[in-house]
Amino acid sequence: MKYKINALIYYDATDGAISLEKESVDTHLSITANALLFYFIQHPGVVNRDEVLKRVWDDNGLVSSNSNLNQYLSLLRKTFRHYGIENIIVTIAKGRLEFNPDISVELIDDSTLLPSTKTNEEAPILVKDENQIAVDTVTPLSLTQTEIPLESTQAEVSQKTKKPEICWYLASIGFLLGAIFIAVIVFFNQHQSKPISLTPLTHNDCELLSNEAMINSSVSDNYVRNFDAVRKKLNLQCVKGERFVFFYGDKLQTNGLGRVFLAHCAKNEDNPFSYCDNYFYYSWKY
């Protein structure tokens, strides 16, 4: 389903795409953030936090918590603040929540990816009719037609029972060979995962973290310039006790259009990444 929010923003609920132009994509929401936004659009009015946790997290096999809910509410608010909308989700008294009633939502395309079930529902009726016709048209066999030699009948039954057994044996052998083939491929393609080493960088009171290749002396100027452009666009300030993790694709530097990832993290006690707001742009243009 596709919506138009505040007569300005195009939102596609099937993949979480958000844009100002109908045929382009500026931002992609994560799966959970997209499910949360879609739930609020489908349920206007005041809703209970427990109901939101059940419908968005528990019913989808995810672990629900108020901390997770608060994190994704903050992510949605910051995402739409980038498009000029403040508080797309409003907190009501006693911790209840509501999709901002001052924001208009227009359904512009109600098509979904779900297949039609009409044919499947009608199929049993067609089969039933065919069986009824078959029963009505069957005529009794004469005594001569039903007289079948006993030996011939036993031989036919024996052949019919052997054929399924042979098929099962062949199928079992095929599955076993397939499993062995997959196991061999997995064994020879295993590679040990290695953690990414993050190198700190201080820039205009901002604590930055990235890999060494992005902030070495030859490209550090481009790195901090791109970081400042993204941070200022998102209205993020450098505050003591908070840090940023910033990456971007090679095409951003060569073509001026590429993928960008920025994490804004807060420190809590001994954990430097206790809480992070993550921003990902598939096609960032500077």
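S104 and A7 make their closest contact through OG-N, 3.9 Å (heavy atoms, listed as atom of the first residue, atom of the second, distance). Closest approach of L69 to L36, counting heavy atoms only: CD1-CD1, 4.0 Å. Of all heavy-atom pairs between C276 and Q71, the closest is O-NE2, 3.4 Å.
To the nearest 0.5 Å, atoms CG (D26) and NE2 (H82) are separated by 7.0 Å. Distance SG/C206 to CZ/R243: 12.5 Å, rounded to 0.5 Å. Atom CG of L53 sits about 11.0 Å away from atom CG of D59, to the nearest 0.5 Å. Atom CG of D277 and atom OH of Y72 lie 11.0 Å apart (nearest 0.5 Å). Between the OG atom in S64 and the CZ atom in R55 there is a gap of 14.0 Å [rounded to 0.5 Å]. Here the straight-line distance linking atom OG1 of T79 with atom CD1 of I18 works out to 6.0 Å at 0.5 Å rounding.
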Listed pairs under 3.5 Å, donor-acceptor, residues 90-100 side chains, sequence neighbours left out:
from, atom 1, to, atom 2, distance (Å)
T91, OG1, R77, NH2, 3.1
R96, NE, A93, O, 3.3
N100, OD1, D102, N, 3.0
N100, ND2, N87, O, 2.9

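In this structure, the side chains of I88 and L37 come closer than 4.5 Å at one or more pairs of heavy atoms. Using a 4.5 Å heavy-atom threshold, the side chains of V230 and Y279 count as separate. At a threshold of 4.5 Å between non-hydrogen side-chain atoms, the residues L76 and L29 count as touching. At least one side-chain heavy atom of W57 sits under 4.5 Å from a side-chain heavy atom of T32. Two residues are said to be in side-chain contact when any heavy atoms from C-beta on lie closer than 4.5 Å; L262 and V245 fail this criterion. The shortest side-chain heavy-atom distance between F280 and S30 does not fall under the 4.5 Å cut-off. Proximity of R81 to N235: side-chain heavy atoms (C-beta onward) are nowhere separated by under 4.5 Å. A heavy-atom distance below 4.5 Å is found between the side chains of F40 and L73.
At a cut-off of 3.5 Å, with distance as the only test, a side-chain donor of Y11 or N34 sits close to an acceptor on the other residue.
L209 and V239 fall into different hydrophobic clusters, where Ile, Leu, Val, Met, Phe, Trp and Tyr are joined by side-chain heavy atoms under 4.5 Å apart, directly or via other members. Put simply, V46 and I89 are part of two different groups of oily side chains (I, L, V, M, F, W, Y) that touch within less than 4.5 Å, one to the next. Both L20 and F80 belong to a single network of hydrophobic side chains, linked directly or stepwise wherever heavy atoms of I, L, V, M, F, W or Y lie under 4.5 Å apart. In this structure, L107 is a member of the same hydrophobic cluster as L8, with clusters built from ILVMFWY side-chain heavy atoms closer than 4.5 Å. Residue Y10 is not grouped with residue Y281 when hydrophobic side chains (ILVMFWY) are merged at heavy-atom distances under 4.5 angstrom, including chains of intermediate members.
Formation of a donor-acceptor pair under 3.5 Å by the S74 side chain with backbone atoms of N70 is not found in this model. Of the possible polar contacts, one joining the D12 side chain to the T14 backbone as a donor-acceptor pair under 3.5 Å is found. The closest donor-acceptor contact from the side chain of D109 to the backbone of M1 lies at 3.5 Å or more, if one exists at all.
Salt bridge R231/D228: present, at least one basic N to carboxylate O contact under 4.0 Å. Ion pairing of K4 with E106 is absent here, as no side-chain N (NZ or NE/NH1/NH2) approaches a carboxylate O to less than 4.0 Å.
Other residues, nucleotides and ligands contribute over 12 non-hydrogen atoms within 6.0 Å of the NZ atom of K78. More than 12 heavy-atom neighbours from other residues, nucleotides or ligands sit within 6.0 angstrom of CG on L198.
Residues in residues 35-44 take part in these side chain to side chain donor-acceptor pair (under 3.5 Å) pairs, two or more places apart or across chains: Y3-Q42.
When each of F227, F246, F244, Y223 is paired with S210, the side chain to side chain contact (heavy atoms under 4.5 Å, CB included) condition holds for Y223 and for no other.
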